[in-house]
Q: 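If you scroll down you'll find the structure; I have some questions about it.
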Amino acid sequence: MEIIENQKEDVSIFKLNGRLDSNTSPVLEKKLVSAIENGTRNMVIDFENLDYISSAGLRIILKTTKDLKRTDGHIVLCAMQDYVREVFEIAGFDTFLPIFSTVDEALTKV
Amino acid sequence: MPRKNVSIKLKNRISELERLGQKLQAFGEGIGLSKKCLFQIHLAVDELFTNIVKYGFADHNLHYIAVTLSHRDGKISIRVEDNGIPFDPAAKQTSELKDPLEHCKIGGLGLHLVKKIMDDIAYERRGGKNVITLVKYIPHT
């Protein structure tokens with residue numbers, strides 16, 4: 001699991017690489033918690049290079065969404081493989097989480 | 001597609017997920033599974049394995065979890081066996097998670113996913129072991 005962080009104006013973009021499961025999700029959780037503690041309010045999570053996600057990964061996304069909501073922040077997801085997106089849909093997360101096709105589109109909506 | 005069987009013996013440690021992923025990848029590539037189908041099988045086995053490691057044993061001793069996959073006649077059969085506390089994931093109720101965000105409960109999410117992406121799930125307690133059997137039909141492409 002590799003996470004590349006970029007800043008574009010007031011939006012933090014986190015690009016995920018590899019697998020997000022119970023083994024690797026603590027790394028992402030630590031990164032996102034620390035970003036919020038350091039003042040990040042708007043986030044884009046880029047899934048383009050994420051090959052795998054389990055419920056452990058979904059939990060981190062849900063927790064981050066709740067944490068940001070408490071601070072009037074926003075989170076937007078983008079560039080998922082179709083089978084990753086399907087997992088978000090089965091979990092019902094697509095009803096409250098915006099998912100876009102590209103980073104550029106996500107940046108206009110966050 | 002050729003017939004193929006594979007058996008994987010895993011310790012009850014979350015770090016084993018990496019080896020599980022590599023073994024499943026090799027199995028999927030060996031029989032020419034689509035990325036989507038391989039992903040779904042990986043997810044189902046991961047969720048069951050992770051549940052067993054986290055909640056399946058009353059002690060902290062070393063235990064083994066056996067995962068067997070077989071490919072035949074357009075379907076993948078998966079068996080997951082452990083000698084932990086009796087637990088029937090097929091009988092456990094999992095709910096739809098369509099509630100508003102504030103009320104969204106995340107417990108049981110893993111099993112909910114397993115039931116939605118697999119075509120069949122069955123459980124039996126046999127010889128002091130939990131034996132879970134999953135079936136995934138391979139879609140024609």
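Lettering of chains follows the sequences in order, A, B, ..., and the numbering in each one begins at 1. Every value quoted in this text rests on a predicted model; they were computed, and no experiment measured them.
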Q: First locate atom CD of A:Q81, then atom NZ of B:K35, and finally report the distance between them rounded to the nearest 0.5 Å.
A: 5.0 Å
Q: Are the side chains of A:D21 and B:F49 in contact, using a 4.5 Å heavy-atom criterion?
A: no
Q: What part of B:E16 gets within 4.5 angstrom of chain A, counting heavy atoms only: side chain, backbone, both, or neither?
A: neither
Q: What's the shortest heavy-atom distance between B:L43 and A:S55, and which atoms?
A: CD1-N, 4.5 Å
Q: Using a cut-off of under 4.5 Å for heavy-atom pairs, which of B:H42, B:K54, B:K36 has the most such pairs with chain A?
A: B:H42
Q: State whether the number of non-hydrogen atoms from other residues, nucleotides or ligands found under 6.0 Å of A:H74 atom NE2 is greater than 12.
A: no
Q: Same cluster or not: A:V76 versus A:I45, using hydrophobic residues (I, L, V, M, F, W, Y) connected whenever any side-chain heavy atoms lie under 4.5 Å apart?
A: no
Q: Only pairs of heavy atoms separated by less than 4.5 Å count here; which of A:D51, A:I53, A:T24 has the most with chain B?
A: A:I53
Q: Measuring from B:Q22:CD to A:R19:CZ, what's the distance to the nearest 0.5 Å?
A: 6.5 Å
Q: Find the distance between CG (B:L24) and OH (A:Y52) and round it off to the nearest 0.5 Å.
A: 8.5 Å
Q: Would you kindly confirm whether B:L17 and B:L10 end up in one hydrophobic cluster when ILVMFWY residues are joined by side chain heavy atoms under 4.5 Å apart?
A: yes
Q: Counting heavy-atom pairs under 4.5 Å to chain A, which of B:D46, B:T50, B:I117 comes out on top?
A: B:D46
Q: Membership question, hydrophobic clusters at under 4.5 Å side-chain separation (ILVMFWY): are A:L16 and A:F100 in the same one?
A: no
Q: Please verify the inter-ring angle class for A:Y83 with B:F39; under 30° counts as parallel, over 60° as perpendicular, anything in between as tilted.
A: tilted
Q: Nearest heavy-atom pair of B:E47 and A:S54: which atoms, and what distance?
A: OE2-CB, 3.3 Å
Q: Is it possible for you to say whether A:L50 and B:L20 belong to one hydrophobic cluster, with membership spreading through side-chain heavy-atom contacts below 4.5 Å?
A: yes
Q: State, with a plain yes or no, whether a side-chain heavy atom of B:L113 is found less than 4.5 Å away from one of A:L58.
A: yes
Q: Check whether A:L97 gets within reach of chain B through its side chain, its backbone, both or neither, counting any heavy atom under 4.5 Å.
A: neither
Q: Treat each ILVMFWY residue as a node, draw an edge where side-chain heavy atoms are under 4.5 Å apart, and state whether A:V44 and A:F88 are in one component.
A: no
Q: When rounded to the nearest 0.5 angstrom, what distance separates CD1 in A:I90 from NZ in B:K115?
A: 14.0 Å
Q: Tell me if the CD atom of B:E18 is crowded by more than 12 foreign heavy atoms within 6.0 Å.
A: no
